[in-house]
Amino acid sequence: MTKIILDCDPGHDDAVAMLLALASPELQVLGITTVYGNVGLENTTHNALAVRELARSEVPVYAGADRPLVRERISAEAVHGASGLDGPLLPSPSRGVEEGHAVQFIIDSVLASPGEVTLVPTAALTNLALAMRLEPRIVPAIKEIVVMGGSLDSGNWTPSAEFNILCDPHAAKVVFGAGVPLVMFGLNATHQTPATPERVERFRQLGTRMGEFTAQLLEFFREHHEERYGWNGAPIHDACTVAYLLRPDLFRTASYFVDVEVNEGLAYGRTVCDVWRVTGRAPNAEVALDVNVEGFYDLLVERIGRYP
Ligand code: BDR
Ligand code: CA
């Protein structure tokens with residue numbers, strides 16, 4: 001069983017990633033840590049608690065950073081709605097967050113099981129960078145980081161930058177530069193996973209509470225992508241990370257050296273990937289290239305179908 005911590009800013013696709021992880025016996029979810037991002041920390045934390053409630057899970061939730069390290073905060077209400085999880089009706093959480101900061105929870109968890117904990121950030125990398133700086137002994141003790149962020153090519157928030165990395169480029173630079181085995185799910189891969197109406201219907205056809213919830217989540221998420229880009233469905237970016245841990249065979253990756261641009265300018269927040277190996281730097285990331293999208297949806301539908 002792989003021990004993981006989900007570090008997230010729910011977020012429609014974060015919620016799907018959570019549900020996928022919590023339904024999967026191959027994974028031991030040690031905790032959910034939240035960070036500002038799509039919306040403010042208070043809302044992302046509330047949403048994580050509501051999704052946990054819906055999943056009838058006991059997993060602890062810890063609140064983390066409410067702002068980036070250096071830059072001013074940006075947010076994505078235009079994509080996820082004012083609450084960060086607009087669309088379906090959410091249950092009121094019956095239980096709150098744990099005491100203590102998410103960063104301390106990450107540190108304690110990694111040090112308690114050296115070499116065993118995989119970190120799965122699907123949001124700004126602020127919590128991870130803070131943990132690495134506060135307790136550098138965790139760096140060699142992290143098993144792996146599987147991150148949704150960046151892109152091999154264009155961004156979605158600026159022509160260069162993907163939202164999660166742009167939220168906190170300095171934190172991303174710390175994390176990518178740490179020397180921890182890292183798998184990057186950038187937009188070049190996650191955009192291969194649009195939740196088309198036919199795919200959404202598969203969740204609805206499950207005829208379950210969670211199938212309906214997932215369908216409604218993805219329907220709301222589609223609206224923005226349809227209006228903005230004319231797409232027939234929203235990519236479920238964040239769930240790719242968890243799916244990779246369950247079924248790495250569904251993805252093709254390549255090893256590249258990746259760095260993050262922190263100088264303000266056209267490329268601010270870009271994950272700069274050395275595809276042609278011109279820097280001579282050793283690869284520090286496995287970059288996802290291709291997704292077996294039908295296999296990805298088969299997995300998601302099967303796991304969402306496990307909820308009563
Ligand atoms: C990322 O940004 C957020 O809006 C999504 O939840 C995802 O993590 C995609 O750029
Ligand atoms: Ca996210």
Side-chain angles (χ1 to χ4, degrees), residues 4-21 32-41 43-48 50-51 61 64-65 68 73-87 102 119-128 145-169 171-172 175 183-195 214 217-218 220-225 227-229 231 233-244 260 268-271 287-288 291:
I4 70 166
I5 296 174
L6 282 178
D7 187 63
C8 57
D9 63 341
H12 295 72
D13 48 338
D14 302 82
V16 179
M18 268 180 78
L19 293 176
L20 177 60
I32 311 270
T33 52
T34 59
V35 64
Y36 72 90
N38 288 320
V39 288
L41 178 70
N43 280 347
T44 58
T45 304
H46 173 87
N47 294 342
V51 174
V61 175
R73 189 166 80 79
I74 56 171
S75 58
E77 282 86 0
V79 184
H80 297 271
S83 74
L85 210 49
D86 277 14
L119 302 178
V120 187
T122 58
L125 290 164
T126 316
N127 285 342
L128 267 62
I145 297 171
V146 183
V147 54
M148 190 283 131
S151 181
L152 197 55
D153 39 58
S154 310
N156 59 358
W157 224 251
T158 74
S160 297
E162 180 278 331
F163 178 75
N164 289 342
I165 302 297
L166 189 63
C167 274
D168 196 341
V175 172
V183 185
M184 170 180 135
F185 280 89
L187 300 173
N188 59 292
T190 65
H191 279 172
Q192 296 169 35
T193 66
T214 307
L217 262 187
L218 296 177
F220 180 90
F221 205 28
R222 182 170 72 227
E223 279 172 30
H224 165 83
H225 292 80
E227 271 166 34
R228 183 89 190 261
Y229 313 115
W231 290 357
I236 319 184
H237 308 278
D238 294 344
C240 291
T241 55
V242 178
Y244 171 81
V260 180
Y268 189 42
R270 183 182 183 107
T271 45
V287 176
V291 182

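Both counts, for ligands and for their atoms, begin at 1 and track the order of listing. As the structure is a prediction and not an experimental result, all values here were calculated from the model.
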Original post:
Quick one: does F185's side chain get under 4.5 Å of D238's, heavy atoms only?
Top reply: no

**OP:** Please work out which of the three classes, parallel, tilted or perpendicular, describes the rings of Y229 and H224, given edges at 30° and 60°.
**Re:** perpendicular

**OP:** Heavy atoms only: give me the nearest H12-D86 pair and the separation to one decimal.
**Re:** NE2-O, 2.6 Å

Subject >> contact_flag V79 ligand 1 heavy-atom lt 4.0 Å >> reply: no

Subject >> Donor + acceptor pair across side chains of D168, T126 (<3.5 Å) >> reply: yes

Original post:
What part of T190, side chain, backbone, both or neither, has a heavy atom within less than 4.0 angstrom of ligand 1?
Top reply: neither

**OP:** Identify the protein heavy atom lying closest to atom 10 (O) of ligand 1, giving its residue, its atom name and the separation to 0.1 Å.
**Re:** E162 OE2, 2.4 Å

Subject >> Nearest non-hydrogen protein atom, atom 4 (O) of ligand 1 >> reply: N38 OD1, 2.5 Å

Subject >> side chain to side chain donor-acceptor pair (under 3.5 Å) between N47 and T44, intermediate numbers included >> reply: CA-CA 5 Å; N47 294 342; T44 58; over 6 Å; no

Subject >> OD2 (D14) to the Ca ion (ligand 2) to O (T122) angle, given to the nearest 10 degrees >> reply: 80°

**OP:** Tell me which protein heavy atom sits closest to atom 6 (O) of ligand 1, plus the residue, atom name and distance to 0.1 Å.
**Re:** D13 OD1, 2.6 Å

Subject >> M148 neighbourhood, listing ligand 1 atoms whose heavy-atom distance to it stays under 4.0 Å >> reply: 1 (C), 7 (C), 8 (O), 9 (C)

**OP:** Just give me the atom name: the N, O or S atom of D9 closest to the Ca ion (ligand 2).
**Re:** OD1

Original post:
Do D7 and T33 get their side chains close enough for a donor-acceptor pair, meaning under 3.5 Å?
Top reply: yes

**OP:** May I ask you to list the atoms of ligand 1 that are less than 4.0 angstrom from any heavy atom of F163?
**Re:** 2 (O), 3 (C), 4 (O), 10 (O)

Original post:
What is the name of the N/O/S atom in D238 that sits closest to the Ca ion (ligand 2)?
Top reply: OD2

Original post:
Once the angle between the rings of W231 and H191 is folded into 0 to 90°, is it parallel (under 30°), tilted (30 to 60°) or perpendicular (over 60°)?
Top reply: perpendicular

Original post:
Take atom CZ in R73; do more than 12 heavy atoms of anything else shown fall under 6.0 Å from it?
Top reply: yes

Subject >> Nearest neighbour in protein (non-hydrogen) for atom 8 (O) of ligand 1 >> reply: D238 OD1, 2.6 Å

Original post:
Counting from 1, what ligand 1 atoms have a heavy atom of T122 closer than 4.0 Å?
Top reply: 8 (O)

Original post:
Do H237 and ligand 1 have an N or O pair less than 3.5 Å apart?
Top reply: no

Original post:
Does L125 reach the side chain of I165, with side-chain heavy atoms less than 4.5 Å apart?
Top reply: yes

Original post:
Between H80 and ligand 1, which part of the residue brings a heavy atom under 4.0 Å of the ligand: side chain, backbone, both or neither?
Top reply: side chain

